[in-house]
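What's counted below: heavy atoms across the whole structure, side chains too, no hydrogens, waters or symmetry copies.
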Amino acid sequence: MLNLVRTRTQPRSNRSMPLVDPKKKNNFVGKILMAAILTALCILMLKQSPDFNSPTAFSRYEPGVTHVLVTGGAGYIGSHAALHLLKYSYRVTIVDNLSRGNLGAVRILQELFPEPGRFQFIYADLGDAKVVHKIFSQNAFDAVMHFAAVAYVSESTLDPLKYYHNITSNTLTVLEAMTTRGVPTLIYSSTCATYGEPEKMPITEETPQLPINPYGKAKKMAEDIILDFHKNSNMSLMILRYFNVIGSDPNGRLGEAPRPELREHGRISGACFDAARGIIPGLKVRGTDYKTADGTCIRDYIDVTDLVDAHVKALEKARPGKVGIYNVGTGRGRSVKEFVEACMTATGVPIKVDFLPRRPGDYAEVYSDPTKIRNELNWTAKYTDLQESLQIAWKWQKSHLNGYALSVAVATS
């Protein structure tokens, strides 16, 4: 290592030094300062120049191309929605922090749609408002499909603050960023949990919203924010309240791969498959004393392919200054016992079932009336055979025993 500090061993010589004119010195320093200022201004102007930033297709608007931001697009529903959008030639940007999503799903989409300007993934957390606004400033979005959310009823009762932050607060941040950048359309992913436990079935869009758990309450708060904002906005808004999601991509490209640590909070389909594969010793059915025909909860099971199709139809029908609210379901309720029997048939595995007390925050019976979405969006559920949907999902599960079998690493666009 070089020592740059030198020690004098000789006294200074008495040789005379030339004198510098103070006026010339000040003039020289002024010229240097001016040159530095001009250089800085040039760099600033270059950075603001489109040529300097080398904009991609994602950063500019293009006639005939709709660029959709899919928040939570690495998750189960969000990834299927991104696939559906890409299939119909939309330009797609996924933003996800991978806390619940899978990088493997993103890589599948990248492999399916490698063409420049079709698809990009941005690793980011919607809880960071500064980052969210930066993403919106760097991309020319035409619409947002907002899926990103924690979404387990039982978990919400254990950690309600997480749900209010992640769902309500983050939705406000996205809406503010959309307003700042003038993004004209929002398709909001909501839930039947906002209705709570209605006195009358089926549920229509006019059914009073009386949520009974933090998940449903957080979603309703987000809806209220959106609707209050809409009173003085020309934005196109669609709110889709959907029911229990099952199934997977019929072509076997995407499926459901929840975090192992979240299995106890997850969907019943995931629990059934885990039991069929021997990952867990059996299936736990919580609640057998509800006021239903067989004592177990009744739910409206909607196939994920139908669900994302409803989102794309909502996007197509969105109009400036208008708000649409729709239930997305089959219109038919099935009990948990029926579901378990269908799962056993689909997997061909006899599943051990343990019947336990009710789960906090659950409700006895919920199923939809899909009349409004059928009449206004021309949408009807097609994958209504419960056993067939489970067979398709089971096929994916068997061919992906370790989920997407990819480590969750940080990836950026």
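- Counting only residues at least two apart or on different chains, the side-chain hydrogen bond (donor to acceptor under 3.5 Å, both in side chains) pairs with a member in residues 168-180 are His146-Thr171.
- Of all heavy-atom pairs between Ile94 and Gly73, the closest is CD1-O, 3.3 Å.
- The CG atom of Asp274 lies 9.5 Å from the OG atom of Ser269; values are rounded to the nearest 0.5 Å.
- Using modelled atom types, one finds no donor on one side chain facing an acceptor on the other under 3.5 Å when comparing Thr204 with Asp369.
- A donor-acceptor distance shorter than 3.5 angstrom exists from the side chain of Ser236 to the backbone of Arg319, with no hydrogens or angles considered.
- When Leu112, Leu85, Val106 are each tested for a side chain to side chain contact (heavy atoms under 4.5 Å, CB included) with Phe119, only one passes: Val106.
- Closest non-hydrogen pair, Ser248 versus Gly255, comes out as CB-CA, 3.8 Å.
- The salt bridge (charged side-chain N to carboxylate O under 4.0 Å, His left out) check on Arg253 picks up Asp249, with sequence neighbours excluded.
- Of all heavy-atom pairs spanning Ala310 and Val328, the tightest one is CB-CG1, 3.8 Å.
- Using a 30° and 60° split on the angle between ring planes, Phe339 and Tyr301 fall in the tilted class, from 30° to 60°.
- Counting heavy atoms from C-beta on, the side chains of Thr185 and Asp142 never come closer than 4.5 Å.
- Looking at Asp96, its side chain does come within 3.5 Å of a backbone N or O of Ala74 through a donor-acceptor pair.
- The closest side-chain heavy-atom distance from Val131 to His133 is not below 4.5 Å.
- The main-chain N or O of Lys134 is found under 3.5 Å from a side-chain atom of Ser137 such that the two form a donor-acceptor pair.
- The NE2 atom of His311 lies 10.5 Å from the OH atom of Tyr188; values are rounded to the nearest 0.5 Å.
- For Arg267 and Tyr76, the side-chain atoms include no donor-acceptor pair closer than 3.5 Å.
- Within the structure, the salt bridge (charged side-chain N to carboxylate O under 4.0 Å, His left out) test picks out the following pairs touching residues 149-163 (sequence neighbours left out): Arg100-Glu155, Glu155-Lys162.
- Scanning for side chain to side chain donor-acceptor pair (under 3.5 Å) contacts around Arg332 gives an empty result, with sequence neighbours left out.
- Remark: the backbone N or O of Ser368 is not paired with any side-chain donor or acceptor of Asn327 at under 3.5 angstrom.
- Two residues are said to be in side-chain contact when any heavy atoms from C-beta on lie closer than 4.5 Å; Met235 and Phe229 meet this criterion.
- Taking the side chain as every heavy atom from C-beta outward, Leu377 and Met238 approach each other to under 4.5 Å.
- Applying the ring pair (Phe, Tyr, Trp, His ring centres under 6.0 Å) test to Phe141 and every residue at least two apart in sequence or in another chain returns His67, Phe136.
- Two residues are said to be in side-chain contact when any heavy atoms from C-beta on lie closer than 4.5 Å; Ser189 and Ile77 fail this criterion.
- Judged by distance alone, the side chain of Arg91 and the main-chain N or O of Glu62 form no donor-acceptor pair under 3.5 Å.
- Within 6.0 Å of atom NZ in Lys317, 12 or fewer heavy atoms from other residues, nucleotides or ligands are found, so the atom counts as exposed in its surroundings.
- Of the possible polar contacts, none joining the Asn102 side chain to the Tyr404 backbone as a donor-acceptor pair under 3.5 Å is found.
- In this model, a donor atom of one side chain and an acceptor atom of the other lie less than 3.5 Å apart for Gln209 and Thr194.
- At a threshold of 4.5 Å between non-hydrogen side-chain atoms, the residues Lys337 and Val285 do not count as touching.
- In this structure, the ring of His80 has its center no less than 6.0 angstrom from the ring center of Phe147.
- Heavy atoms only, all atoms of each residue included: Ala148 and Leu126 are closest at CB-CD1, 3.7 Å.
- Pairing each heavy atom of Ser335 with each of Thr296, the nearest pair is CB-OG1, 3.4 Å.
- A donor and an acceptor atom, one from each side chain of Ser59 and Gln138, are nowhere located under 3.5 Å apart.
- One finds the CG atom of Leu210 at 9.0 Å from the CD atom of Glu199 (value rounded to the nearest 0.5 Å).
- Between Arg299 atom CZ and Ile246 atom CD1 the span is 14.0 Å, to the nearest 0.5 Å.
- Atoms OH and NZ, from Tyr195 and Lys219 in turn, are 13.5 Å apart once rounded to the nearest 0.5 Å.
- Using the six-membered ring where Trp is involved, His400 and Trp396 have ring planes that are parallel, under 30° apart on the 30 and 60° scheme.
- Summarising the geometry, atom OG belonging to Ser154 is positioned 9.5 Å from atom CG belonging to Asn213; distances are rounded to the nearest 0.5 Å.
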The test is side chain to side chain donor-acceptor pair (under 3.5 Å); show your working for Thr330 and Asp300 and say whether it passes. CA-CA 6 Å; Thr330 65; Asp300 189 341; 2.6 Å; yes
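- Counting only distance, with no hydrogens or angles, the side chain of Glu256 and the backbone of Gln397 share no donor-acceptor pair below 3.5 Å.
- With Tyr163 as the aromatic partner, Lys217 does not meet the cation-pi criteria of under 6.0 angstrom to the ring centre and within 45 degrees of the ring axis.
- Of all heavy-atom pairs between Leu315 and Tyr90, the closest is CD2-CE2, 3.6 Å.
- Put simply, the side chain of Asn139 reaches to within 4.5 Å of the side chain of Gln120, judged on heavy atoms.
- Every pair passing side-chain hydrogen bond (donor to acceptor under 3.5 Å, both in side chains) that includes a residue from residues 381-395 is listed here, sequence neighbours excluded: Asp303-Ser389.
- With hydrogens and angles disregarded, no donor-acceptor distance shorter than 3.5 Å links the side chain of Lys313 to the backbone of Ile373.
- Side-chain atoms of Phe121 and Leu98, non-hydrogen and from C-beta on, do get closer than 4.5 Å to each other.
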